[in-house]
Amino acid sequence: MNSHPMVPSAAKFIRNLSLRERNTFGLEANAELAYEITAADQIPAVMGEILRQQLSWRVLGGGSNVVLPATLRGATLLMNIPGQEIISADAQSTLLSVRGGVIWHELVAWTLENDLPGLENLALIPGTVGAAPIQNIGAYGVELAQYIHSVQAFDIRTQTLTTLPKEACQFAYRDSYFKQQPNRFIVTNVVFEIPKEWQPRIHYADLAQQFSNNPTPTPEEIFLAVCKIRTQKLPDPKIIGNAGSFFQNPIIPVEQYETLLLKYPNLVSYPDIAGKRKLAAGWLIGQCCLKGERMGNVGVYEKQALVLVNYGNGTAQDILGLAKCIQEKVKKEFGVNLEIEPNIL
Ligand code: EPU
């Protein structure tokens, strides 16, 4: 019998760590002091040290939704907490607890192998489980929030690990309480509630097309179809640096949408909450003749205008310069503001 109290493990730290391999844009970035977090109980000591030394700090998950500067001063927390387990199951649903460092796509594949379908439309989204609730990842008609039970996070204000039930997370399109309160929470664990009842969601145009001859696909078939569509449309970060959609699809008042529709009858849009309409930003950018446009080391991806790419030696300034140019052109043509999706550190 071990009568010693549980002693928290200590986080490893590394000085001057290159993050080039840890951000999908492939930007050269040097972290002055990087802490590798492999267990939630390491966070209080690390944050205590950061506050004591009054260092600036930020958290990096899979690095798939960030634009990094050449130097990250102060501390960078690399979230690598592994592990997952089913915590309970009843006739209605299964509760699955997953640590923040688990790779999102690996989790999706694991749920299907373990007969827990539901997340298949979210296959191949880059990044980690811990980052997923922050921007409420979504694709092909499904949003993460639909499967969240609760989120555990270290709250900087109270210096404690806290559990936020789904309602407290304030999920919305590409948004959450965590995103609204920057530098307050470090997500350590996500509990998913996966209903036993399953139905295919193939109404999204690209998927509907894939299944035009098969109205009752299996979860595995949907998983493979989503992987195929994403592979065809989105650049593989291992080959060409990118952070997925660089802009959010703008949500505008219905009156503004109707006025735009008179001038642009082919305008691509989706229904949104009452009185609002969501526009396909990729279409707006394409109409400004920017698809495939290159500006030095960076450019607009030729198959999906919503994605900005780094051809090799691009910097944060290059990417933000291109983004500004796109925002200005779209504003001038359509009177619509495009909001940047990734975190600009
Ligand atoms: N479109 C164009 N030109 C383009 C891109 C899109 O005309 O260059 C039009 C087409 O009509 C197309 C429609 O817009 O059918 C929708 O395009 P797509 O299916 O590629 O979806 P999206 O609205 O551009 C959103 C998400 C993606 C997600 C897809 C699929 C945002 C910001 N992006 O893109 O998420 O994979 O839907 O559900 O909501 C990400 O966030 O990184 C991401 C890739």
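Whatever order the structure lists them in is the order used to number ligands and atoms, beginning at 1.
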Can you tell me which portion of Tyr204 lies within the under-4.0 Å heavy-atom range of ligand 1? Options are side chain, backbone, both, or neither.
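The part of Tyr204 near ligand 1 is the side chain, not the backbone.
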Going by heavy-atom distance to [atom], choose the closest among [options].
atom: atom 11 (O) of ligand 1; options: Val268, Leu122, Ile229; answer: Val268
atom: atom 4 (C) of ligand 1; options: Arg174, Lys291, Glu143; answer: Lys291
atom: atom 8 (O) of ligand 1; options: Ala305, Ala139, Ala280; answer: Ala305

Within a distance under 4.0 Å of any heavy atom of [X], pick out the atoms of ligand 1 and give their elements.
X: Tyr173; result: 31 (C), 32 (C), 39 (O)
X: Asp206; result: 19 (O)
X: Gly244; result: 42 (O)
X: Arg230; result: 36 (O), 44 (C)
X: Phe247; result: 32 (C)

Which residue and non-hydrogen atom of the protein lie closest to [atom], and at what distance in Å?
atom: atom 20 (O) of ligand 1; value: Gln304 NE2, 2.7 Å
atom: atom 42 (O) of ligand 1; value: Ser245 N, 2.8 Å
atom: atom 1 (N) of ligand 1; value: Trp283 N, 3.7 Å
atom: atom 38 (O) of ligand 1; value: Tyr140 N, 2.6 Å
atom: atom 25 (C) of ligand 1; value: Asn249 ND2, 4.1 Å

Would [X] count as being in polar contact with ligand 1, using the rule that some N or O on each side must be under 3.5 angstrom apart?
X: Gln248; answer: no
X: Leu306; answer: no
X: Tyr270; answer: yes
X: Gln135; answer: no

So, [X] and [Y]: side-chain donor and acceptor under 3.5 Å apart, yes or no?
X: Thr158; Y: Thr160; value: yes
X: Thr24; Y: Asn242; value: no
X: Ser93; Y: Glu193; value: yes

Determine the interplanar angle of the [X] and [Y] rings, folded into 0 to 90°, and report it as parallel if under 30°, tilted if 30 to 60°, perpendicular if over 60°.
X: Phe223; Y: His105; answer: parallel
X: Phe334; Y: Tyr264; answer: tilted
X: Phe192; Y: Trp104; answer: tilted

Salt-bridge test for [X] and [Y]: reply yes if a basic N is under 4.0 Å from a carboxylate O, no otherwise.
X: Glu328; Y: Lys324; value: yes
X: Arg58; Y: Glu32; value: no
X: Lys228; Y: Glu221; value: no
X: Lys233; Y: Asp206; value: yes
X: Arg201; Y: Glu120; value: yes

Could you tell me if Lys291 sits above the aromatic ring of Tyr301, with its cationic atom closer than 6.0 Å to the ring centre and no more than 45 degrees from the axis?
no
Ligand 1 contact by Lys233, heavy-atom criterion under 4.0 angstrom:
yes
